[in-house]
Amino acid sequence: MKETLDFISSNTATYISELQEFLRIPSISNSSEHTQEMQRCAKFVAEKLTTAGMNRVEIYQTEGHPVVYGEWLGAPGKPTVLIYGHYDVQPVDPIELWDSQPFDPVIKDGKIYARGATDDKGQVYTHIKAVESLFKTLGSLPLNVKFVIEGEEEIGSGNLEPFVKNNKDLLKCDTVVISDTALYAPGLPTITYGLRGLAYCEVEVVGPDRDLHSGSYGGAVANPINVLAKMISQLHDAKGKITIPHFYDTVVKLTAKERAAIKTLKFSDKAFGKEIGLTELSGEAGFSTLERLWARPTLDCNGIFGGFTGKGAKTVIPSKATAKISMRLVPGQDPKKVMSDFAKHIKNIAPKTVKVTVHQLHSGNPVLTPLDSSATVAASKAMEKAFGKKTVFIREGGSIPIVHTFAKLLKAPVVLMGFGLNNENLHSPNEHFNLKHFELGIKSSALFMKEFAGSK
């Protein structure tokens with residue numbers, strides 16, 4: 001493998017240049033204005049898979065954005081790895097907080113700045129370049145490889161699950177590898193074995209049938225904004241626990257071994273807070289910060305709006321107010337049941353002076369992946385060789401709904417070997433990706449294919 005690793009080192013600059021081209025495509029999946037750019041990005045991915053050496057590459061159109069599929073099955077008798085990623089990105093708002101244009105990649109201090117740099121274009125590109133490097137140096141791959149790269153992860157992967165259901169034979173594999181998670185610390189190889197799920201709702205509170213003059217009606221009718229704010233404030237108790245009845249009934253608790261392992265990780269509440277401009281943290285009583293982030297469910301208001309929000313003053317009592325509410329879920333919790341319980345609870349705490357409607361937007365199941373699978377062991381060894389340090393195992397607070405889908409439908413263990421960092425501003429202005437981790441990610445992927453090929 002030395003030849004391959006040396007080749008990757010000597011060609012990283014070229015790979016970075018290609019990544020810049022990838023990042024210039026504004027593939028924002030939640031905007032109809034970017035539909036053509038989504039198609040263009042899918043074609044870019046397909047072309048790069050072909051160049052890398054896949055001998056079958058197809059773009060599958062869906063009711064939304066395309067899924068790109070690639071395969072090379074030239075290693076009979078060897079295992080098959082399915083590599084998943086996504087080419088869609090988050091919106092760029094607020095644009096004024098970016099130091100550079102979000103789709104004009106800038107390299108500074110060993111990092112590349114652009115929307116999608118770490119989530120997920122930079123990370124998925126590590127695998128494409130690993131495959132290409134193996135072909136260039138060995139003339140072949142040590143195992144069979146399939147790619148499925150979608151364009152809707154940032155909007156809930158609504159069309160991917162039907163695609164997987166309808167193409168289980170096409171996607172059949174021995175393991176699924178996903179790089180859409182983070183290293184625990186810079187330069188520290190990390191395998192993520194747990195993800196929180198998601199339940200996302202919109203709550204609409206309606207009072208009068210139109211906006212009213214606050215002088216003529218104030219004090220006699222309920223103000224939907226006031227009511228909604230009070231309702232939101234009742235969703236947690238004084239100790240930070242969520243007040244929805246039965247919310248915690250099925251939560252799978254951390255084992256003593258897991259809690260002990262978390263304590264061994266170097267973590268500073270003070271440094272964590274300082275990094276995001278806070279002097280004090282908050283959360284559910286009785287748990288450490290990492291336990292709250294990785295293994296406890298949450299409920300947050302992601303946005304609240306209604307009434308007059310323009311410049312100057314307008315004295316109105318609004319007709320309605322709306323809030324976006326997300327709940328991060330942990331193993332044992334069912335998103336559908338949680339959303340049903342939430343809707344029932346939020347209506348129960350609403351006064352009779354308003355009408356409440358709850359819209360379920362999207363959801364994802366929490367996941368625990370097997371630590372003893374041959375794929376996870378191979379990934380751990382590969383990352384350790386690439387990074388030169390022992391691999392650590394962590395959970396992650398975010399959600400990747402497709403992980404549960406792959407595990408359920410393909411009956412294959414999932415390996416989460418990410419190369420980003422949580423402080424790289426994914427979903428925020430000035431998103432970036434450490435280019436050293438980009439290089440190490442390519443090497444880790446190549447080494448994984450070699451390790452996993454020899455494991456069966």
query: What class does the angle between the rings of Phe438 and Phe433 fall in, given that below 30° is parallel, 30 to 60° is tilted and above 60° is perpendicular?
result: perpendicular
- request: Measure across Thr322 and Leu228 and return the closest heavy-atom pair with its distance rounded to 0.1 Å.
  value: C-CD2, 3.6 Å
Nearest heavy-atom neighbours spanning Glu258 and Arg395: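 Closest approach of Glu258 to Arg395: OE2-NH2, 3.0 Å.
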message: Ring-plane angle category for Phe387 and His437, please: parallel below 30°, perpendicular beyond 60°, tilted otherwise.
response: tilted
Side-chain donor/acceptor of Asn434 to backbone N/O of Lys436, under 3.5 Å: yes
task: Please check if the distance between the ring centroids of Phe44 and Phe22 is under 6.0 Å.
output: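 Centroid separation for Phe44 and Phe22: below 6.0 Å.
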query: Okay, side chain of Ser157, backbone of Leu160: is any donor-acceptor separation there less than 3.5 Å?
result: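 Not at all, since once roles are kept as given, no pair shorter than 3.5 Å links the two residues.
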- request: Among Lys48, Glu71, His127, find the residue that satisfies the side chain to side chain contact (heavy atoms under 4.5 Å, CB included) test when tested with Phe147.
  value: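 Of all the options given, the one that passes is His127.
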statement: From the list Gln39, Glu33, Arg40, side chain to side chain contact (heavy atoms under 4.5 Å, CB included) partner of Glu37 resolves to Arg40
field: Straight-line distance of Leu299 CG to His345 NE2, nearest 0.5 Å
entry: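 One gets 9.0 Å once the value is rounded to the nearest 0.5 Å.
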CG-NZ distance between Asp249 and Lys337, expressed to the nearest 0.5 angstrom: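 Reported value, rounded in 0.5 Å steps: 6.5 Å.
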- request: Keeping the roles fixed (side chain from Asp174, backbone from Thr80), state whether a donor-acceptor pair exists under 3.5 Å.
  value: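 A pair under 3.5 Å: yes.
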message: How long is the straight-line distance from OG1 of Thr309 back to NZ of Lys314, given to the nearest 0.5 Å?
response: 10.0 Å
Sole candidate of Arg115, Glu154, Glu153 that passes side chain to side chain donor-acceptor pair (under 3.5 Å) when paired with Gln90: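 The passing option is Glu154.
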Sub-6.0 Å ring centroid separation between Phe267 and Phe272: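 Ring centroids of Phe267 and Phe272 are less than 6.0 Å from each other.
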task: Return yes if some donor-acceptor pair links the side-chain N/O of Gln123 with the main-chain N/O of Thr118 below 3.5 Å, else return no.
output: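 Checking the backbone N and O of Thr118 against the side chain of Gln123, a donor-acceptor pair under 3.5 Å is found.
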- prompt: Judged by atom type as modelled, is there a donor-acceptor pair below 3.5 Å linking the side chain of Asp211 to the main-chain atoms of Ser319?
  reply: yes
- prompt: In Å and rounded to the nearest 0.5 Å, what is the NZ to CD distance from Lys241 to Glu284?
  reply: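 One gets 6.0 Å once the value is rounded to the nearest 0.5 Å.
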query: Asp237 side chain to Lys239 main-chain N or O, any donor-acceptor pair under 3.5 Å?
result: yes
- request: Kindly compute the distance separating NE2 (His86) from CD1 (Ile149), expressed to the nearest 0.5 Å.
  value: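 Rounded to the nearest 0.5 Å, the NE2-CD1 separation comes out at 10.5 Å.
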query: Short question: side chain of Asn430, backbone of Asp99 - any donor-acceptor pair under 3.5 Å?
result: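 Side chain of Asn430 to backbone of Asp99, a donor-acceptor pair under 3.5 Å: yes, one is there.
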task: Look up atom OG in Ser340 and atom CD in Gln360, then write down how far apart they are to the nearest 0.5 Å.
output: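 Spacing of OG (Ser340) from CD (Gln360) equals 7.0 Å.
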